[in-house]
There are 2 protein chains.
Amino acid sequence: MHSDPVVFVIDDDQQVREAIQLLMESIGLKVASFASAQEYLDQFNTQDHGCLILDVRMASMSGLELQARLAAEESHPPIVIITGHGDVQMAVKAIQAGAVDFLEKPFNDQALLDSVHHAIEKDLSQRGEALKLADIRTRLKRLTPREREVLDLVIAGQRNKVIAIDLGVSQSTIEAHRAKVMEKMEAATLSDLMRMMLILELR
Amino acid sequence: MHSDPVVFVIDDDQQVREAIQLLMESIGLKVASFASAQEYLDQFNTQDHGCLILDVRMASMSGLELQARLAAEESHPPIVIITGHGDVQMAVKAIQAGAVDFLEKPFNDQALLDSVHHAIEKDLSQRGEALKLADIRTRLKRLTPREREVLDLVIAGQRNKVIAIDLGVSQSTIEAHRAKVMEKMEAATLSDLMRMMLILELR
DNA sequence: AACGGTATAGGGGTTTTCCCCTATTTGGGT
DNA sequence: ACCCAAATAGGGGAAAACCCCTATACCGTT
């Protein structure tokens, strides 16, 4: 079911990659190294999880560019930025864009480990969240347009009678739709249904 | 009802305070200046809103310290950090701690204005949120412990019969509590009630 | 001692939901 | 031509919720 988290190291300096690899392996973390952002993107898939350690200064695509690209995806592992020549502005932008941390080389080993731990924790929780949401969305997709319409009105607290009038059909039709909705959404009670829908609304 | 947003400038350099004041007033924003964090704290009240422009290096209490103090409060205006001698680490910490922006002196006037605008927007939305939450919490406080207990079980989707058995009382007692809950929470439908409770849970 | 709020319990009635059926029409796919 | 999913509609009954009323007991305040 669950694979181990992987630390994806993306840095065009082989020395750095190897050093980080050793450091991570010393605490039992798996590592996958890439010499360029493109190399990483080529094998990127949504199953991967863990975190990214990303160098800013790289040929062709910078770490910050990769960060922006990944931000456009539905979901990606948390990012730790490392850089040899960082400035305040760059660091601010990176963190504002959601990076977990921004470290200057040469970094303290423990600081990087701490950031990676933090990133992996964040990955776990955000993946848990994403899974729940995806699950609910999958069920929602099973609804017909009409059922979806009824669902929305149910969630809004309308009684069947009112929904029937609203949609210009009989009450028994609404009852039928409503039963279908509960079945397809795998909701035992109205409370379950509302919880699912509000999670989508509020997150 | 609504007062204008105020830019609270906290910097021990009078020149800087005056420069920022002029800049802010040039676009019609109100300003309140303070020469120390303590001065600001002394007059701090939760009605204030707008944003803070905070210098890092100050005698006795630094901007970052003040940021930490305010973070302990239930709610405070968004913070823009400015500094003459910032480093990457400091910037990262400040943004991670929730600062809207971190600017180095001498800053570009437009950059500061942009940050302040962003901060004020954030203030508006976070105050709106906080108001909604406070409103719900106020109503919740009106419930007796027993009513609160019933509410929780209702939200969990339990039927009155089950709640009655759970609490070892009769069904009609539950009905009475339930009616009281709806009245005190000002909820017309179960849907309203669930929405309020889930907003508290999920935010 | 009287009062108000809380928790309890019940009667009696209406409305709504929920669940089990059947049944027709329409439109798409085999 | 046949079948299936979707949308429609209805009957009938059980369960639950909702509403209005009364009533008792306890507890703390005035």
Side-chain angles (χ1 to χ4, degrees), chain A residues 133-202, chain B residues 133-202:
Chain A
L133 296 192
D135 209 46
I136 297 172
R137 291 211 184 88
T138 303
R139 290 179 213 171
L140 260 187
K141 279 193 211 112
R142 291 207 278 261
L143 300 185
T144 65
R146 197 54 155 174
E147 283 161 0
R148 182 56 210 262
E149 220 169 341
V150 171
L151 169 57
D152 287 340
L153 293 167
V154 168
I155 294 302
Q158 302 292 314
R159 313 188 187 310
N160 288 350
K161 191 202 261 186
V162 179
I163 299 176
I165 295 170
D166 259 34
L167 301 184
V169 298
S170 85
Q171 213 161 322
S172 67
T173 301
I174 299 303
E175 279 171 32
H177 285 316
R178 195 165 172 163
K180 259 297 183 206
V181 166
M182 296 295 281
E183 183 196 324
K184 287 185 177 177
M185 295 301 289
E186 295 166 43
T189 66
L190 175 60
S191 156
D192 293 342
L193 193 63
M194 290 227 38
R195 181 164 285 108
M196 285 188 238
M197 291 299 100
L198 290 185
I199 284 175
L200 285 192
E201 257 184 52
L202 299 177
Chain B
L133 296 191
D135 208 47
I136 296 173
R137 290 210 184 87
T138 303
R139 291 179 211 171
L140 259 188
K141 279 194 212 109
R142 290 206 278 261
L143 300 185
T144 66
R146 197 54 156 176
E147 283 161 0
R148 182 58 209 261
E149 222 169 340
V150 171
L151 169 57
D152 286 340
L153 292 167
V154 168
I155 295 302
Q158 302 291 314
R159 314 188 180 305
N160 287 351
K161 192 202 262 186
V162 178
I163 299 176
I165 296 171
D166 259 33
L167 300 184
V169 297
S170 85
Q171 213 161 323
S172 67
T173 301
I174 300 303
E175 277 170 32
H177 285 316
R178 195 165 171 162
K180 259 292 181 211
V181 167
M182 296 294 282
E183 182 196 326
K184 287 186 178 177
M185 295 300 291
E186 296 166 44
T189 66
L190 175 59
S191 156
D192 293 342
L193 193 64
M194 291 226 39
R195 182 166 283 107
M196 285 187 236
M197 291 299 100
L198 290 185
I199 285 175
L200 285 192
E201 259 184 53
L202 300 178

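Sequence lines set the chain letters: A, B, ... in the order given, protein chains first and strands last, and positions in each chain run from 1.
- The structure places CG of A:Leu151 at 9.5 Å from CE of A:Met196, a figure rounded to the nearest 0.5 Å.
- Direction of the helix axis in the helix from C:dA1-D:dT30 to C:dT30-D:dA1 shifts by 30° between the two five-pair termini, rounded to 10°.
- Side chains of B:Arg178 and B:Leu190 form a contact here, defined as non-hydrogen atoms less than 4.5 Å apart.
- For the atom pair A:His177 NE2 and A:Asn160 CG, the distance stands at 11.0 Å (nearest 0.5 Å).
- For the OP1/OP2 pair of C:dG5 and a distance below 4.0 Å, the side-chain nitrogens and oxygens of B:Thr144 include no atom meeting the criterion.
- The CZ atom of B:Arg159 sits 13 Å away from the C1' atom of C:dT16 (whole-angstrom rounding).
- Think of the region where chain B sits on DNA chain D: with heavy atoms and a 4.0 Å cut, that region ends 5' and 3' at D:dA16 to D:dC19.
- Considering all non-hydrogen atoms of both residues, A:Gln158 and A:Val162 come closest at OE1-CG1, 3.0 Å.
- Atoms OG1 and CE, from B:Thr138 and B:Met185 in turn, are 9.5 Å apart once rounded to the nearest 0.5 Å.
- In this view, B:Asp152 and B:Arg148 satisfy the salt bridge (Lys or Arg N to Asp or Glu O under 4.0 Å) rule, not counting sequence neighbours.
- Note that CZ of A:Arg159 and CD1 of A:Ile174 are 14.5 Å apart. Values are rounded to the nearest 0.5 Å.
- Ionic pairing of B:Glu183 and B:Arg142 is not present here: no N-O contact between side-chain nitrogen and carboxylate oxygen is shorter than 4.0 angstrom.
- Residues satisfying the salt bridge (Lys or Arg N to Asp or Glu O under 4.0 Å) criterion with A:Glu149, sequence neighbours excluded, are A:Arg146.
- By the 4.5 Å heavy-atom criterion applied to side chains, B:Lys180 and B:Leu143 are not counted as neighbours.
- Put simply, CD1 on A:Ile199 and CG on A:Leu133 are 7.5 Å apart, with the number rounded to the nearest 0.5 Å.
- Between the CD atom in B:Glu201 and the CG atom in A:Leu202 there is a gap of 10.5 Å [rounded to 0.5 Å].
- Inter-residue side-chain proximity for B:Leu140 and B:Met197 is flagged as met; some heavy-atom pair is nearer than 4.5 Å.
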Collect all protein-nucleotide pairs involving nucleotides 22-30 of chain C in which both atoms are nitrogen or oxygen and the distance is under 3.5 Å.
none

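- Of all the residues in residues 160-194 of chain A, A:Asn160, A:Lys161, A:Glu175, A:Arg178 reach under 4.0 Å from DNA chain C with at least one non-hydrogen atom.
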